[in-house]
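One structure is given below, encoded as structure tokens.
Just so we're on the same page: letters track the sequence lines, and every chain starts at 1.
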Amino acid sequence: MPQPASKQITITLPDGSTRAMAEGSSALDLANSISKGLASAAIAARIDGEVKDLMLPLHNGAKVEILKRNAPEALEIIRHDTAHVMAEAVQALYPGTQVTIGPAIENGFYYDFARAEPFTPDDLPKIEAKMREIVAADRPFVREVWERNKAIEHFEKIGEKYKAEIIRDLPGTATITVYRQGNWMDLCRGPHLPSTGKIGTAFKLTKVSGAYWRGDAKNAPLQRIYGTAWRDEKELKAYLTMIEEAEKRDHRKLGREMELFHLQDDAAGSVFWHPKGWKLYRLLEDYIRARLEQNGYVEVNTPQLVGKSLFQASGHWEMFGDKMFTVQLDENQEFGIKPMNCPCHVQIFNQGIKSYRDLPIRMAEFGSCHRNETSGSLHGIMRVRAFTQDDAHIFCREDQIMEESLRYCQLQMRVYEDLGFPPEQVIVKLALRPDIRGGTDATWDRAEKGLRDAMNKAGLAFEELPFEGAFYGPKIEFHLKDAIGRTWQCGTLQLDFVLPERLDAHYVGEDGAKHRPVMLHRALLGTLERFIGILIEHYAGRLPLWLAPVQAVVADITNDVDDYAVEVHKALADAGLRVEIDTRAEKINYKIREHSLKKVPLMLVVGKKEATSKTVALRRLGGEDQQMMTLAEVVTKLREEAESPLEKEKEAKELVIALATRWQKG
RNA sequence: GCUGCCGUAGCUCAGGGGUAGAGCACGUCCUUGGUAAGGACGGGGUCGUAGGUUCAAUUCCUAUCGGCAGCACCA
């Protein structure tokens, strides 16, 4: 067909070369002009740095990269498209259901629907089957630009009031785009795949849940359906297998299997620590205590039951009273069980007169706290109603904020490193001023800058969260991931300008006048409970030797060598190792299996051979072979291996001193 | 707190209007076996709790407590 002579546009490809195309050509045309294969593999285009639809007409001078299925951006598009297809399927199967939003998320997507009747897990296979029909029909995604008022009117008319509301809330300058797939259409910014068939078959609906319109519990409840979607079946299967494996690391399951703790209905949200779990708890507490002592903290202990008046003065009664457990002593006396330690720490600070020379005061407490958390938020030992914070409050002058924050960040990262979380596994966030807040803007400016500078100086990569700070000050949050990738806030540093004011804390400055100290609330682990939960999942129960409640089991092969097993056990116990002995009349296979399932790091197997030669066979958890060594050797070796990071640090220091001394003498 | 699902032996789970079953675990006995489950026999449950329906409820209904997933919350 003869084309009318049209204008040409010039497109730049990623390799820097240019290509002339007819005006109005799309990225798909460009792909076609390069190769048929590229055109059929193309799923979207990066135009001047932004991911766009393939069908969009290109402008002169555009830099265009054709994106294929293996592009990192592809997954997000596939997931988003799968959400659209799910929405179509849902509306086809359940007429009257309204659509709201349906974004791609990590590993998949969801779509929130407004429907009186909730979805149940039984609905998922039906919806999924319908989705596969829509994908098989391979309908093209067609982008349309609509006039704002027409769009609002249209969505109102078809009863999609949430979509109409979304458009109304868009800035007046926004381009309103609608994507069609066959007869179904959705308000959407895009980009999308060329057609539904490009989604492929590697998707699966995973769960239904409630949600709220715009994420606010005051708004209308919605029904959310989650799914996962991948490039191909292999990726999908790998993901599902990964989830299955991760579930085996669940701290609730391992906690029971390893005899660490249990939970029961009578004390929902509180932990029953068993001997082994309590050992782990104390090891962790001892480690933190030692680190605090090194870092200039003093430790205190404050009351559990505190009169209402103090919490009224601190402001907690008003702000958090609904989450506090209270005790009515008589008509006139109401006590609260402390939900946090700060008001009490201020009381200690307020005893006597403090000079500017006394600051900073770093006041630590392994503070046992109780909060009446909502039933839906409880989770194993990670979110409980009774917990112990490795809490501390640093009372300092405003000019010390930066220095103290830096010291905290450095200590925090040191501690996480020691416990097996290198910096790349720690998610750091800086929560900035919320709308409702205490203090002046100038103070907030200085506070936020102080924290930001400290974090930068400590070399932390962090994300900023606007409006997420506490009403009394900005905060740094350190999050760690659990087995299935959910993140939990553990360590935190929170600046507080309000509480010292409310509880009238002051110090005498150089000028002889009274001044307000600044309070830094901070925790390294967060709570012992949550951290132990994270630790168990992080290590899949295989705790490092220095933290293992039982470090080794001596197991004999025949009861003929019971005496020798006792001797080995005693030698190790005398060396300070946490060791158990297993002389039951069971086969060695049986014993190894059992102790392996309980994640005991080391097994010392002794039989007739070992008894005669005074040796042991050392077997490591999960290992397939064993090392033969003499009893004396194994004691020395294990004692060294079982050293905590602190002991290792101390030894290294001593070595340096010894060498320096020798050098000076020499 | 909200939505959905769930609650049966220590654990994992099956069952189902006529008062219960498996595997593992546990106990006893036999076995003394060289690196992830040796064998035999045996004990064990008010079927989360409270009401209701029914001749009869662990099973059906309601409430309640607790758990799981997600949402909301998280000083």
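- The side chain to side chain donor-acceptor pair (under 3.5 Å) check on A:Gln494 picks up A:Tyr472, A:Thr492, with sequence neighbours excluded.
- B:U12 and B:G51: their C1' atoms are spaced 32 Å apart (whole Å).
- Counting non-hydrogen atoms of neighbouring residues, nucleotides and ligands closer than 6.0 angstrom, the CD atom of A:Gln264 exceeds 12 such neighbours.
- B:C61 and B:G7 have their P atoms separated by 13 Å, given to the nearest Å.
- With P as the reference atom, B:U19 and B:A57 are 11 Å apart, rounded to whole Å.
- Residues meeting the side chain to side chain contact (heavy atoms under 4.5 Å, CB included) test with A:Ala313, sequence neighbours left out: A:Leu503.
- Taking atom C1' in both B:A20 and B:U59, one finds a spacing of 11 Å when rounded to whole Å.
- Rounded to a whole angstrom, the distance from the P atom of B:A9 to that of B:G15 is 15 Å.
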Can you give the dot-bracket line for RNA chain B, using ( ) for pairs inside the strand, [ ] for pairs that cross earlier ones, | for pairs with another strand and . for unpaired bases, where Watson-Crick and G-U count if both distances are under 3.5 Å? (((((((..((((....[..)))).(((((.......))))).....(((((..]....))))))))))))....
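- Checked against ring-ring contact (aromatic ring centres under 6.0 Å, His included), A:His393 has the following partners two or more places apart in sequence or in another chain: A:His345, A:His521.
- Between A:Leu205 atom CG and B:G4 atom P the separation is 18 Å, expressed in whole Å.
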How does protein contact run along nucleotides 69-75 of chain B, one letter per nucleotide 5' to 3', with B for base contact, S for sugar-phosphate only, - for none, heavy atoms under 4.0 Å? SBBBBBB
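- Salt-bridge formation is detected for the pair A:Lys248/A:Glu245: a Lys NZ or Arg NE/NH1/NH2 atom is positioned less than 4.0 Å from an Asp or Glu carboxylate oxygen.
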Anything under 3.5 Å between a donor and an acceptor, one on a side chain of residues 118-128 of chain A, the other on a protein residue two or more places apart or in another chain? List them.
{"residue": "A:Thr120", "atom": "OG1", "partner": "A:Asp122", "partner atom": "N", "Å": "3.3"}
{"residue": "A:Asp123", "atom": "OD1", "partner": "A:Tyr94", "partner atom": "OH", "Å": "3.1"}
{"residue": "A:Asp123", "atom": "OD2", "partner": "A:Thr120", "partner atom": "N", "Å": "2.8"}
{"residue": "A:Glu128", "atom": "OE1", "partner": "A:Leu205", "partner atom": "N", "Å": "3.0"}
{"residue": "A:Glu128", "atom": "OE2", "partner": "A:Arg132", "partner atom": "NH2", "Å": "3.0"}

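- As rounded to the nearest Å, B:U64 and B:C6 have C1' atoms that lie 16 Å from one another.
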Could you run through nucleotides 6-16 of chain B and give me one letter per nucleotide, 5' to 3': B if any protein heavy atom sits under 4.0 Å from the base, S if only the sugar-phosphate is that close, - if neither? -----SS----
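- For the salt bridge (charged side-chain N to carboxylate O under 4.0 Å, His left out) with A:Lys608, the qualifying choice from A:Asp556, A:Asp560, A:Asp563 is A:Asp560, the only one to do so.
- Scanning for ring-ring contact (aromatic ring centres under 6.0 Å, His included) contacts around A:Phe349 gives A:Phe395, with sequence neighbours left out.
- Atom C1' of B:U8 sits at a distance of 10 Å from the matching atom of B:G48, rounded to the whole Å.
- The ring-ring contact (aromatic ring centres under 6.0 Å, His included) search around A:His251 returns A:His379, not counting sequence neighbours.
- Within 4.0 Å of A:Gly473, counting heavy atoms only, lies no atom of the nucleic acid at all.
- Salt-bridge formation is detected for the pair A:Arg362/A:Glu404: a Lys NZ or Arg NE/NH1/NH2 atom is positioned less than 4.0 Å from an Asp or Glu carboxylate oxygen.
- Aromatic pair A:Phe109/A:Tyr111: ring centres not closer than 6.0 Å.
- The gap from the C1' atom of B:G18 to that of B:A56 amounts to 7 Å, rounded to the nearest Å.
- By the 6.0 Å contact criterion, NZ on A:Lys276 is enclosed, its count of non-hydrogen atoms from other residues, nucleotides or ligands being greater than 12.
- The nearest whole Å value for the distance from the NZ atom in A:Lys218 to the C1' atom in B:G1 is 13 Å.
- Across the protein-nucleic acid pair, A:Asp482 atom CG and B:C68 atom P stand 13 Å apart, rounded to whole Å.
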Could you run down nucleotides 31-39 of chain B 5' to 3' and tag each one B, S or - for protein heavy-atom contact under 4.0 Å? BBBBBBBB-
Would you list the atom pairs, donor with acceptor, under 3.5 Å between side chains in residues 208-217 of chain A and any protein atom, with sequence neighbours excluded?
{"residue": "A:Trp213", "atom": "NE1", "partner": "A:Glu165", "partner atom": "OE2", "Å": "3.4"}
{"residue": "A:Arg214", "atom": "NH1", "partner": "A:Glu165", "partner atom": "OE2", "Å": "3.2"}
{"residue": "A:Arg214", "atom": "NH1", "partner": "A:Asp169", "partner atom": "OD2", "Å": "2.7"}
{"residue": "A:Arg214", "atom": "NH2", "partner": "A:Asp169", "partner atom": "OD2", "Å": "3.2"}
{"residue": "A:Asp216", "atom": "OD1", "partner": "A:Lys218", "partner atom": "N", "Å": "2.9"}

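- Residues satisfying the ring-ring contact (aromatic ring centres under 6.0 Å, His included) criterion with A:His274, sequence neighbours excluded, are A:His262.
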